[in-house]
Amino acid sequence: MAVQITLPDGSDREYPDGVTGADVAASIGARLAKAAVAVKVDGEPRDLSRAIEADSAVEIVTENTEAGRHIMRHSAAHVLAQAVLDRYPEAKFAVGPPIEDGFYYDFEVETPFTPDDLDSIEARMAEIIAADQPFEREVIAAPDAEAMFHDQPFKIEIIQGVDESEGAGGTEVSIYRNLEFADLCRGPHVPSTGRLSAMKLLRSAGAYWRGDENNPQLQRIYGTAWESKKELDAFLNRREEAAKRDHRKLGRELDLYSFPQELGSGLAIWHPNGGMLRKVIEDYSRQIHEDFGFVFVNSPHVAKAKLWQTSGHLDFYSENMYPGMELDEGEAYRVKPMNCPFHVLVYKSQARSYRELPLRFSELGAVYRYERSGVLHGLLRVRGLTMDDSHTFTTREQIADELATHLDFVVTLLSEFGFTDFEADLSTRPEDKWVGELDLWETATNALRDALVKAEVPFQIAEGEGAFYGPKIDVHIRDAIGRRWQMSTIQVDFSLPERFELEYTAPGNDRQRPVMIHSAKFGSVERFIGVLVEHYAGALPGWLSPIQATVVPVADRHDDYAGEVAAAFRAAGVRIHVDTTDETVGEKIRRAITHKHPAVLVVGDNDVERHSVGLRLRGDDTERRGVPLEAAVEELAEAFAAPR
RNA sequence: GCCGGGGUAGCUCAGUCGGUAGAGCGACGCACUCGUAAUGCGUAGGUCACGGGUUCGAUUCCCGUCUCCGGCUCCA
């Protein structure tokens with residue numbers, strides 16, 4: 001007997017019966033065998049030590065691939081559990097999957113782990129790894145597994161879950177064993193613990209069993225594992241680099257905004273530089289809205305509770321709303337968490353004709369949302385935010401064109417801020433609870449899909465994930481270091497027009513109900529700025545920089561000329577300031593560079609005489625001397641011009 | 001909200017096994033007037049987050065509050 005194995009390059013090889021993945025790897029090459037952590041047999045990951053019974057396509061999974069690291073991290077999670085149970089025999093262990101860049105394991109223990117505990121656990125893991133214990137797979141009947149894990153309630157629950165999902169009775173589960181430690185696991189695993197030397201525990205945290213806060217809270221330990229010390233160090237280094245981009249830290253360094261404790265959680269104040277950044281972004285927002293045919297409306301921060309009752313927010317959104325207040329004779333008011341009811345009232349302020357539609361209302365509206373204290377995070381999750389919010393009222397016939405326009409708008413806007421890597425989620429009708437007409441849902445959903453295809457935005461369909469009142473598109477971007485952020489949304493709404501009994505007069509003089517499209521392009525101005533700052537690591541593109549250029553007079557006899565230079569730039573629309581502080585030239589330049597100013601202009605005796613400047617642009621560590629002033633003004637005005 | 005870890009000068013941090021605190025940067029003053037990433041000297045600046053308790057004495061120990069950081073989706 002022999003098995004025929006097809007390798008990824010298409011070649012076929014014969015192997016004797018009982019051949020293992022490890023044998024196949026060894027037969028191809030010693031280096032491959034050394035790097036192998038598992039195999040894929042007909043696409044299914046398996047242990048290297050398992051015999052390959054039938055003819056199949058085999059691919060060796062090596063440690064330097066994502067699939068390989070995934071397996072290593074899964075194995076590292078086992079070792080973590082093993083170490084914890086060694087140290088805390090009474091601990092109950094729950095689940096321990098690999099995640100992006102690492103792994104975790106959840107435990108129920110008497111007292112939460114301290115940082116010292118983590119050191120001790122990591123030391124025990126190092127011993128297990130040094131002992132190079134082999135991972136051994138075993139398949140046993142579910143009832144036997146329940147007996148084996150009789151004092152491990154989470155494992156019992158998992159075993160019973162396997163029963164439910166795969167049909168009760170006669171079900172088998174696999175377990176992995178290394179020495180005295182055994183864990184329920186689908187596998188595969190690395191051959192032995194010795195493969196996990198580049199490993200580090202990172203932190204502990206509370207986490208609810210199965211992510212549900214009604215369940216007991218477990219103690220989660222996070223760790224990371226890589227194929228080599230070098231890769232581990234590179235990862236730790238990347239984390240440090242990411243920390244340097246933290247918009248909260250950069251916000252302070254660049255004097256953009258702050259979160260004073262006196263103010264309140266989740267609330268920011270904007271300093272002059274941040275105020276300028278907001279102005280530039282808000283000016284841009286107004287301009288592009290105008291360019292895409294939107295008109296501007298405005299609304300107050302509070303409204304009668306009855307309005308929120310009509311809109312449905314008190315029924316569906318009240319947990320995110322600030323508590324009510326009473327005015328006059330017991331009239332209840334609420335602070336707005338959204339702008340939509342106001343824009344609806346603008347629509348209702350007069351009888352509408354089909355000739356006016358689509359009607360696109362836009363507002364940079366400050367809204368307030370109650371977020372749980374634990375989820376607040378800098379500008380990225382706040383309790384007071386400014387939405388570049390719009391509400392478009394269309395006829396049914398116009399929906400498709402209108403959605404395409406909105407997507408075009410969003411993509412144009414994100415591109416002009418330098419984001420190029422988009423992904424979208426298309427959320428479709430929920431199964432059970434929804435309003436409106438089925439064919440309208442289909443029309444709108446298809447229109448959203450067509451728009452995505454036409455705009456060439458890669459997307460996934462989030463089946464049934466839509467709101468009850470209509471389908472939507474969420475647009476995500478990837479930032480400079482690969483993180484994914486949700487930015488824009490385009491949300492169709494069949495419900496609000498119904499609730500507010502919106503109408504327009506159609507050509508046949510009959511009354512029709514419009515459809516609404518909610519859309520936020522930045523999401524929130526605050527959050528958008530947070531993402532921008534992190535994406536650019538504070539070095540905002542010239543058109544966005546609050547200070548675009550600094551003039552450095554060489555000595556104070558050049559201050560007057562420096563003022564003339566600044567005036568010339570200002571006249572051309574460049575945001576410039578003169579550094580007249582009593583410092584050396586080197587220090588003033590260093591200061592401008594560390595504050596990420598896009599241009600530094602040094603002026604000295606030669607420049608006064610020749611009416612020129614020394615010009616140094618950000619990212620360039622050389623300078624150009626004696627550039628004629630007019631030429632420099634023209635160059636920077638062009639380089640720093642806003643896209644619209 | 002829940003779990004863990006923090007809160008000391010404007011910022012970054014050290015320190016106090018209970019005897020009211022220190023550095024660097026920044027700010028301010030003086031000198032220097034300088035050509036592309038830190039000139040020198042000096043001065044000021046702290047209710048050690050807030051409230052209570054223990055103590056002869058609390059920034060330090062205990063309790064509570066506020067606040068910040070990390071985590072709470074990724075199906076053995």
Side-chain angles (χ1 to χ4, degrees), chain A residues 70 74 77-78 81 93-100 103-106 109 111-118 145 149 152 154-162 165 173-176 182-187 189 202-222 243 246 248-249 252-253 255 258-266 319 370-378 550 552-559 581-595 600-607 613-616 620-626:
Chain A
H70 197 80
H74 198 172
H78 272 236
F93 59 135
V95 299
I99 53 175
E100 192 175 342
F103 59 90
Y104 67 79
Y105 216 113
D106 287 345
V109 284
T111 48
F113 300 111
T114 65
D116 286 346
D117 294 338
L118 290 198
F149 291 104
Q152 289 291 345
F154 301 108
K155 296 297 170 189
I156 300 284
E157 208 176 313
I158 291 160
I159 294 164
Q160 288 167 352
V162 171
S165 61
V173 297
S174 55
I175 59 168
Y176 277 79
D183 192 5
L184 205 54
C185 186
R186 189 183 288 140
H189 280 286
L202 299 173
R203 59 177 167 267
S204 65
Y208 298 100
W209 169 236
R210 303 209 144 144
D212 183 341
E213 63 189 44
N214 298 313
N215 286 337
Q217 187 162 40
L218 308 178
Q219 293 303 315
R220 175 171 296 179
I221 296 177
Y222 284 92
D246 192 312
R248 293 163 299 191
K249 181 177 143 70
R252 187 169 46 239
E253 287 171 8
D255 198 17
S258 60
F259 306 89
Q261 302 215 349
E262 299 91 322
L263 191 58
S265 287
E319 69 201 34
Y370 174 74
E371 300 279 0
R372 297 199 296 174
S373 62
V375 304
L376 299 172
H377 181 91
T550 301
V552 174
V554 172
D556 48 18
R557 64 176 176 279
H558 307 120
D559 284 1
T581 56
D582 189 12
E583 283 296 345
T584 58
V585 172
E587 168 60 11
K588 290 193 223 183
I589 288 168
R590 193 188 72 90
R591 211 182 277 182
I593 291 174
T594 51
H595 288 103
V600 184
L601 306 159
V602 178
V603 295
D605 289 333
N606 295 335
D607 297 296
V613 297
L615 183 58
R616 177 179 182 130
D620 203 344
D621 51 11
T622 58
E623 74 275 3
R624 282 179 279 154
R625 296 200 188 179

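Sequence lines set the chain letters: A, B, ... in the order given, protein chains first and strands last, and positions in each chain run from 1.
- Comparing the same atom, C1', in B:C41 and in B:C32 gives a spacing of 11 Å after rounding to whole Å.
- Between the C1' atom of B:G1 and the CG atom of A:L376 lies a distance of 11 Å, rounded to the nearest Å.
- If you take CZ on A:R590 and NE2 on A:H595, they are separated by 9.0 Å, rounding to the nearest 0.5 Å.
- Of the charged side-chain nitrogens involved, at least one lies within less than 4.0 Å of a carboxylate oxygen, so that A:D183 and A:K155 count as a salt-bridged pair.
- The number of heavy atoms from other shown groups lying within 6.0 Å of CD (A:E100) does not exceed 12.
- How far OH of A:Y176 is from CZ of A:R186: 11.0 Å, rounded to the nearest 0.5 Å.
- In this structure, the side chain of A:T550 does not engage the main chain of A:V600 through any donor-acceptor pair within 3.5 Å.
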- Item | Under 4.0 Å protein heavy-atom contact, by nucleotide of nucleotides 35-40 of chain B - B base, S sugar-phosphate only | BBBBB-

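- One finds no side-chain N or O of A:H377 lying less than 4.0 angstrom from the OP1 or OP2 phosphate oxygen of B:G71.
- If you take CD of A:E262 and P of B:C50, they are 12 Å apart, rounded to a whole angstrom.
- What separates CG of A:L202 from C1' of B:C69 is a distance of 15 Å, to the nearest Å.
- The residue A:Y222 sits close only to the backbone: its heavy atoms come under 4.0 Å of sugar-phosphate atoms, none of a base.
- When the P atom of B:G26 is taken as reference, atom NE2 of A:H595 falls 10 Å away, rounded to whole Å.
- Between the CG atom of A:D212 and the P atom of B:C75 there is a distance of 17 Å, rounded to whole Å.
- To the nearest whole angstrom, the two C1' atoms, one in B:G52 and one in B:U12, are 32 Å apart.
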- Note on the structure: Output field dot_bracket for RNA chain B (Watson-Crick or G-U, both distances under 3.5 Å, | for other-strand pairs) contains (((((((..((((.....[..)))).(((((.......))))).....(((((..]....))))))))))))....

- Task: Could you give me the CA-CA distance, side-chain angles and deciding distance for A:D607 and A:R625, then say whether salt bridge (Lys or Arg N to Asp or Glu O under 4.0 Å) is met?
- Result: CA-CA 9 Å; A:D607 297 296; A:R625 296 200 188 179; over 6 Å; no

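- At least one side-chain nitrogen or oxygen of A:R248 sits closer than 4.0 Å to the OP1 or OP2 atom of B:C69.
- Note: CD (A:E253) to P (B:C25) measures 17 Å, nearest angstrom.
- Between the CZ atom in A:R210 and the CG atom in A:L218 there is a gap of 11.0 Å [rounded to 0.5 Å].
- You'll find the side chain of A:V95 reaches within 4.5 Å of the side chain of A:I158, heavy atoms only.
- Side-chain N or O atoms of A:K588 include one that pairs as donor or acceptor with a backbone N or O of A:T581 at under 3.5 Å.
- Going from the P atom of B:G57 to that of B:C11 covers 33 Å, rounded to whole Å.
- Atom-to-atom distance recorded for A:I175:CD1 and A:F149:CZ is 5.5 Å, nearest 0.5 angstrom.
- We find that CZ of A:R372 is positioned 15 Å from P of B:G71, with the value rounded to whole Å.
- With both ends at atom P, the span from B:U16 to B:A76 equals 47 Å, rounded to whole Å.
- As judged by a 4.0 angstrom heavy-atom cut-off over every strand, A:Y104 is placed among residues touching the sugar-phosphate backbone only.
- Atoms CG and CG, from A:D582 and A:D556 in turn, are 7.5 Å apart once rounded to the nearest 0.5 Å.
- Between A:R186 and B:C75 there is no side-chain polar atom (N or O) within less than 4.0 angstrom of OP1 or OP2.
- A gap of 22 Å separates the C1' atoms of B:A44 and B:U59, to the nearest Å.
- Comparing B:A14 with B:A23, their C1' atoms sit 7 Å apart, to the nearest whole Å.
- Among the protein residues, A:R203 comes within range of the sugar-phosphate backbone only, with heavy atoms under 4.0 Å from sugar or phosphate atoms but none that close to a base.
- For the pair A:R557 CZ and B:C32 P, the interatomic distance rounds to 14 Å; values are reported in whole Å.
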- Task: Using a 4.0 Å heavy-atom cut-off, write out nucleotides 2-12 of chain B from 5' to 3' as B (base contacted by protein), S (sugar-phosphate only) or - (no contact).
- Result: BBS------SS

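- For the P atom pair drawn from B:C3 and B:G46, the interatomic distance equals 37 Å after rounding to whole Å.
- Here A:H74 and A:H70 keep their ring centres 6.0 angstrom or further from each other.
- Taken to the nearest 0.5 Å, the OH atom of A:Y208 stands 10.0 Å off from the CG atom of A:N215.
- The C1' atoms of B:U20 and B:G4 are separated by 31 Å, rounded to the nearest whole Å.
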